[in-house]
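The structure presented is a predicted model; accordingly, all values stated were derived computationally and were not measured. Sequential numbering from 1 along the given sequence is applied to the chain's residues.
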Amino acid sequence: MGDTVCCRISYSDFVKTFTHLEVVHLDSDTSRDEPSLHHKSTWQMRLYQGAWQRGVSAGGCRNNPDTFHINPQLHLILSEMEEVIVSLNQHSIMEPKVIGFTAYSLPKNNSETIGKQFFKKNKSLVNSQYTNSRQVSHRCQLEQGGYLILPTTFEPGQESSFTLRVYSSKPLKLKLLDMQPSLIKSAIIKAPATLDGKSFSQYEAVFLQLADEHRTVNAFELQELLDACLPNDYIKSCACMEVCRQVVLTLDNSGSGRLKFSDFKDLMCSLKYWQTSFKNHTKEKTGILKAERLRDALLEVGFQLSTDVLSILILRYMRKDGTLRFGDFVSAILHLSVAFNLFESKDPLQNGSIKQSLAEVK
């Protein structure tokens with residue numbers, strides 16, 4: 001073997017010869033097979049693999065204050081002041097999105113998703129560049145404490161999966177902030193005992209015309225009843241057969257598949273309540289709810305939902321244009337009411353988990 005040749009290059013020649021210099025950070029796994037690194041201090045690395053889903057977690061960058069908060073929220077906790085590297089990789093190779101991330105200071109003990117108002121009141125601490133490259137990374141010095149990182153696409157509604165990694169030479173923690181599914185209040189409004197008036201007298205007359213000898217109606221008769229009683233097409237979107245069957249399943253406590261007039265009054269009071277919540281979140285166009293606002297609208301009705309549950313509802317109810325109609329909203333409420341009622345009936349001690357046989361699955 002010949003002697004080792006040592007090559008040197010001046011800085012001026014280096015600048016003339018090369019246009020880019022890439023620095024690679026190796027974690028303990030990727031540096032394991034390199035003997036020259038065995039005596040070096042390795043990076044501590046934590047990662048989160050997630051996705052931007054339209055209507056659920058694709059809120060876009062900070063330029064979109066109404067939807068920015070729905071992006072995945074990652075809580076980073078540093079044990080001491082340290083220089084960290086945050087790296088965001090998108091998995092869209094054929095049609096790459098413009099991606100980046102933003103970070104805020106956040107107390108260590110926070111465990112639930114941060115709402116819209118936080119981002120309107122607090123300034124961001126770290127802002128990466130936004131680019132359509134496969135990876136965006138940012139190196140910064142952070143104090144000991146908690147931080148909130150939001151990986152985003154630049155435009156809202158764009159879908160892709162991603163991986164976010166955080167590197168540090170000191171111990172660190174990274175976890176997803178999410179809501180625990182819970183029923184905050186009943187979505188079904190009981191009609192007051194003193195509730196009378198011309199409208200309900202008219203409802204009762206139509207109800208009795210359609211009812212059987214026991215003064216009850218089934219889903220088919222309920223559809224006729226709603227079609228006659230509801231005031232306009234916007235509200236009548238919930239008078240389809242599928243929703244009527246859901247109404248009977250939700251309000252019928254006898255298992256007969258029929259509703260009494262008292263049940264119908266509860267339904268009409270509930271519809272009025274749900275309509276108010278629906279309107280509160282349909283500012284641009286009456287009767288059309290953007291999918292990104294479904295979570296907040298359902299929270300107003302009484303349901304606190306996790307991202308996984310919301311994702312299922314969006315896949316079930318979101319239309320091609322990324323919106324829901326009032327009938328879709330009512331159907332989602334009825335589905336959730338049945339699910340929560342079933343769970344609570346089997347979890348009387350509120351342990352947060354139940355056992356269910358195959359025969360009990362409905």
Do D266 side-chain atoms and A191 backbone N/O form a donor-acceptor pair below 3.5 Å?
yes
Could you check whether atom OH of Y130 has more than 12 heavy atoms from other residues, nucleotides or ligands sitting under 6.0 Å from it?
yes
For D13, the salt bridge (Lys or Arg N to Asp or Glu O under 4.0 Å) test, sequence neighbours excluded, returns none
Indicate yes or no for a side-chain donor-acceptor contact from W274 to the backbone of A187 under 3.5 Å, with no hydrogens or angles considered.
yes
I314 with L299, same ILVMFWY side-chain cluster at under 4.5 Å
no
Taking K260 first and then D212, would you say they form a salt bridge - that is, a charged N and a carboxylate O separated by under 4.0 Å?
no
Validation row: S237, V243 side chains within 4.5 angstrom (heavy atoms):
no
With a 4.0 Å cut-off on N to O distance, would you call D321 and R325 a salt bridge?
yes
For residues 249-256, which side-chain donor-acceptor pairs fall under 3.5 Å, sequence neighbours excluded?
{"from": "T250", "atom 1": "OG1", "to": "Q246", "atom 2": "O", "distance (Å)": "2.7"}
{"from": "D252", "atom 1": "OD1", "to": "S254", "atom 2": "N", "distance (Å)": "3.0"}
{"from": "D252", "atom 1": "OD1", "to": "S254", "atom 2": "OG", "distance (Å)": "2.7"}
{"from": "D252", "atom 1": "OD1", "to": "G255", "atom 2": "N", "distance (Å)": "3.3"}
{"from": "D252", "atom 1": "OD2", "to": "G255", "atom 2": "N", "distance (Å)": "3.2"}
{"from": "D252", "atom 1": "OD2", "to": "S256", "atom 2": "N", "distance (Å)": "3.1"}
{"from": "D252", "atom 1": "OD2", "to": "G257", "atom 2": "N", "distance (Å)": "2.7"}
{"from": "S254", "atom 1": "OG", "to": "S256", "atom 2": "N", "distance (Å)": "3.3"}
{"from": "S254", "atom 1": "OG", "to": "S256", "atom 2": "OG", "distance (Å)": "2.8"}
{"from": "S256", "atom 1": "OG", "to": "R258", "atom 2": "N", "distance (Å)": "3.4"}

At what distance, to the nearest 0.5 angstrom, does CG of L172 lie from CH2 of W43?
10.5 Å
Is it true that H69 and Q117 share a donor-acceptor pair across their side chains at a distance under 3.5 Å?
no
Calculate, to the nearest 0.5 Å, the distance between atoms CZ and CG belonging to R319 and L289 respectively.
11.5 Å
Under 3.5 Å, is there a donor-acceptor pair between the side chain of Q90 and the main chain of Q135?
no
Do any pairs count as a side chain to side chain donor-acceptor pair (under 3.5 Å) and have a residue in residues 50-59, sequence neighbours left out, and if so which ones?
Q53-S311
Contact summary for Y317 and L324, nearest pair of heavy atoms
CB-CD2, 3.6 Å
Could you tell me whether the side chain of N64 and the main chain of G60 form a donor-acceptor pair under 3.5 Å?
no
State, with a plain yes or no, whether a side-chain heavy atom of K170 is found less than 4.5 Å away from one of L78.
no
Report the C-alpha distance between Y104 and F118 in whole Å, list the side-chain angles of each, state the deciding distance to 0.1 Å, and finish with yes or no for ring-ring contact (aromatic ring centres under 6.0 Å, His included).
CA-CA 10 Å; Y104 297 80; F118 173 89; 5.8 Å; yes
Donor-acceptor pair, distance only, cut-off 3.5 Å: does the side chain of E224 make one with the backbone of E221?
no
Atom of K116, atom of D66 and distance for their closest heavy-atom approach:
CE-O, 3.8 Å
Using every non-hydrogen atom in the two residues, find where F340 and L183 come nearest and quote the distance to one decimal.
CE2-N, 3.7 Å
Any E80 side-chain heavy atom under 4.5 Å of L142 side chain:
no
I'd like to know if the side chain of H75 reaches the main chain of N110, judged simply by a donor and an acceptor atom lying under 3.5 Å from each other, with no hydrogens or angles considered.
yes
Compare every heavy atom of S270 with every heavy atom of I189, then report the nearest pair and how far apart it is.
N-OG, 2.8 Å
With no hydrogens and no angle check, do the side chains of E242 and S331 hold a donor and an acceptor under 3.5 Å apart?
no
Parallel under 30°, tilted from 30 to 60°, perpendicular over 60°: which one fits the rings of F207 and F264?
tilted
When clusters are formed by joining ILVMFWY residues with side-chain heavy atoms under 4.5 Å apart, either directly or through shared neighbours, do L148 and L74 land in the same one?
no
Is it the case that the side chain of S128 and the backbone of F101 share a donor-acceptor pair, with hydrogens and angles ignored and the cut-off at 3.5 Å?
yes
Mind checking whether I333 and L259 sit in one hydrophobic cluster, side chains of I, L, V, M, F, W, Y counted as touching below 4.5 Å?
yes
Residue pairs passing the side chain to side chain donor-acceptor pair (under 3.5 Å) test with at least one member in residues 91-101, sequence neighbours excluded, are H91-S161, H91-T163, S92-S160
What heavy-atom pair brings I188 and S337 nearest, and what distance separates the two atoms?
CD1-OG, 4.2 Å
Side chains of D178 and T307 only: does a donor on one sit below 3.5 Å from an acceptor on the other?
yes
Salt bridge (Lys or Arg N to Asp or Glu O under 4.0 Å) involving E159 - partner list, sequence neighbours excluded:
none
Within 6.0 angstrom of M81 CE, more than 12 heavy atoms from elsewhere
no
Spell out, yes or no, whether L210 and L267 are grouped together once hydrophobic residues are joined by side-chain heavy atoms under 4.5 Å, including indirect joins.
yes
Any side-chain to backbone donor/acceptor pair from N122 onto F119? Under 3.5 Å, distance only.
no
Backbone of Q180 reached by a side-chain donor or acceptor of Q304 within 3.5 Å:
yes
Ring-plane angle category for F162 and Y48, please: parallel below 30°, perpendicular beyond 60°, tilted otherwise.
tilted
Could you note down all residue pairs passing salt bridge (charged side-chain N to carboxylate O under 4.0 Å, His left out) where residues 119-137 supplies at least one of them, sequence neighbours left out?
none
Parallel, tilted or perpendicular: which describes the rings of F326 and F278, with under 30° parallel and over 60° perpendicular?
perpendicular
Atom of F220, atom of M241 and distance for their closest heavy-atom approach
CD2-CE, 3.4 Å
Do side-chain atoms of T67 reach the backbone of G59 as a donor and acceptor pair under 3.5 angstrom?
yes
